[in-house]
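In what follows, a single structure is set out as structure tokens and then discussed.
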Amino acid sequence: MVEQFTGTWTLDASDNFDEYMKEIGVSFATRQMGNLAKPNLMISVGDDGFISMKSESTFKTTEIKFKLNEEFDETTADGRNTKTTITFENGKLVQKQSWDGKTTTLEREIKDGKLTAKCVMGDVVAVRTYVKAS
């Protein structure tokens, strides 16, 4: 199930991410840092059933711990306080963040040995591709 996602992933490509950040309301200065950051994404599953997703870059490190299908409070890297639920659907980890009457979806899946994260807000779609660190 989620095991295919575990490990350390390094950002390899990012498409349309600035537009996505703009759409969710990220400030210009924070977007500049977000565009420069090449985060490592570490995903692990604890014995307690909690999944940990840690994003680490030179600018910022964030970590969320969650159980599938259970809503939790998340403070995002750009400072939004969201109600977040992550589900496992059709081989994808689907993360829904809601705040201030808005909702964004991040779909992570493994394709051809790479992890792709599709970030969707309204009509704006960004795709970030990660490769597994050796």
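The structure displayed is predicted, hence computed values, not measured ones.
- Around atom CG of N69, more than 12 heavy atoms belonging to other residues, nucleotides or ligands sit under 6.0 Å away.
- Once rounded to the nearest 0.5 Å, the distance linking OG1 of T116 with CG of D12 reads 12.0 Å.
- Heavy-atom minimum distance, C119 versus L106: SG-CD2, 4.0 Å.
- In terms of hydrophobic clustering, with Ile, Leu, Val, Met, Phe, Trp and Tyr side chains grouped at heavy-atom distances under 4.5 Å, I64 and W9 are assigned to a common cluster.
- Put simply, the side chain of T85 never gets that close to the backbone of E70: no donor and acceptor are under 3.5 Å apart.
- Note that CD of E107 is 9.0 Å distant from OG1 of T87, once rounded to the nearest 0.5 Å.
- Taking 4.5 Å as the limit, every side-chain heavy atom of I51 sits out of range of all side-chain heavy atoms of I86.
- Note that the CE atom of M33 and the CG atom of D78 stand 10.0 Å from one another [nearest 0.5 Å].
- One N or O on the side chain of D48 and one on the backbone of F50 form a donor-acceptor pair closer than 3.5 Å.
- K102 has no carboxylate O lying under 4.0 Å from a charged side-chain N of D100, or vice versa, which leaves the two without a salt bridge.
- Remark: side-chain polar atoms of N16 are paired, donor with acceptor, to backbone N or O of V125 under 3.5 angstrom.
- Side-chain contact check for W99 versus N81: every heavy-atom pair is 4.5 Å or farther apart.
- Transitive grouping of hydrophobic side chains (ILVMFWY, heavy atoms separated by less than 4.5 Å) brings L115 and V45 into a common cluster.
- The CD1 atom of I24 lies 3.5 Å from the CZ atom of R80; values are rounded to the nearest 0.5 Å.
- Open room surrounds CG on D123; 12 or fewer heavy atoms of other groups in view lie less than 6.0 Å from it.
- Transitive grouping of hydrophobic side chains (ILVMFWY, heavy atoms separated by less than 4.5 Å) brings I110 and M53 into a common cluster.
- The shortest side-chain heavy-atom distance between K83 and D73 falls under the 4.5 Å cut-off.
- Using a 4.0 Å cut-off between charged nitrogen and carboxylate oxygen, E89 and K92 do not count as a salt-bridge pair.
- Within the model, atoms CD1 of I43 and NZ of K54 stand 13.5 Å from one another, a figure rounded to the nearest 0.5 Å.
- Between M42 and S52 the shortest side-chain heavy-atom distance does not fall below 4.5 Å.
- Remark: side-chain polar atoms of R31 are paired, donor with acceptor, to backbone N or O of V26 under 3.5 angstrom.
- Side-chain N or O atoms of K22 include none that pairs as donor or acceptor with a backbone N or O of F28 at under 3.5 Å.
- Using a 4.5 Å cut-off on side-chain heavy atoms (C-beta onward), V2 and L68 make contact.
- Side-chain atoms of Y130 and R108, non-hydrogen and from C-beta on, never get closer than 4.5 Å to each other.
- Within a 6.0 Å sphere centred on NZ of K132, other residues, nucleotides and ligands contribute more than 12 heavy atoms.
- Across Q4 and G91, no two heavy atoms sit closer than the pair NE2-O, 3.6 Å.
- The side-chain heavy atoms of L41 and F5, taken from C-beta on, include no pair separated by under 4.5 Å.
- Around the NZ atom of K67, the shell of radius 6.0 Å holds more than 12 heavy atoms that belong to other residues, nucleotides or ligands.
- With rounding to the nearest 0.5 Å, the separation of OG1 in T8 from CD in E56 is 8.5 Å.
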Item to complete: Go through M21 and N35 one step at a time and tell me if the side-chain contact (heavy atoms from CB on, under 4.5 Å) criterion holds.
Response: CA-CA 9 Å; M21 288 190 291; N35 284 321; 3.4 Å; yes
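- Residue A126 comes nearest to Y20 through the heavy atom pair CB-CB, 3.6 Å, listed as atom of the first residue, atom of the second, then distance.
- There is a side-chain donor-acceptor pair under 3.5 Å between T84 and E74.
- P39 is not listed as a side-chain neighbour of F59, based on a closest heavy-atom distance of 4.5 Å or more.
- Under the 4.5 Å side-chain contact rule for hydrophobic residues, F88 and F66 share a cluster.
- For the pair S14 and L11, the tightest heavy-atom approach, listed with the atom from each and the gap, is CB-CD2, 4.5 Å.
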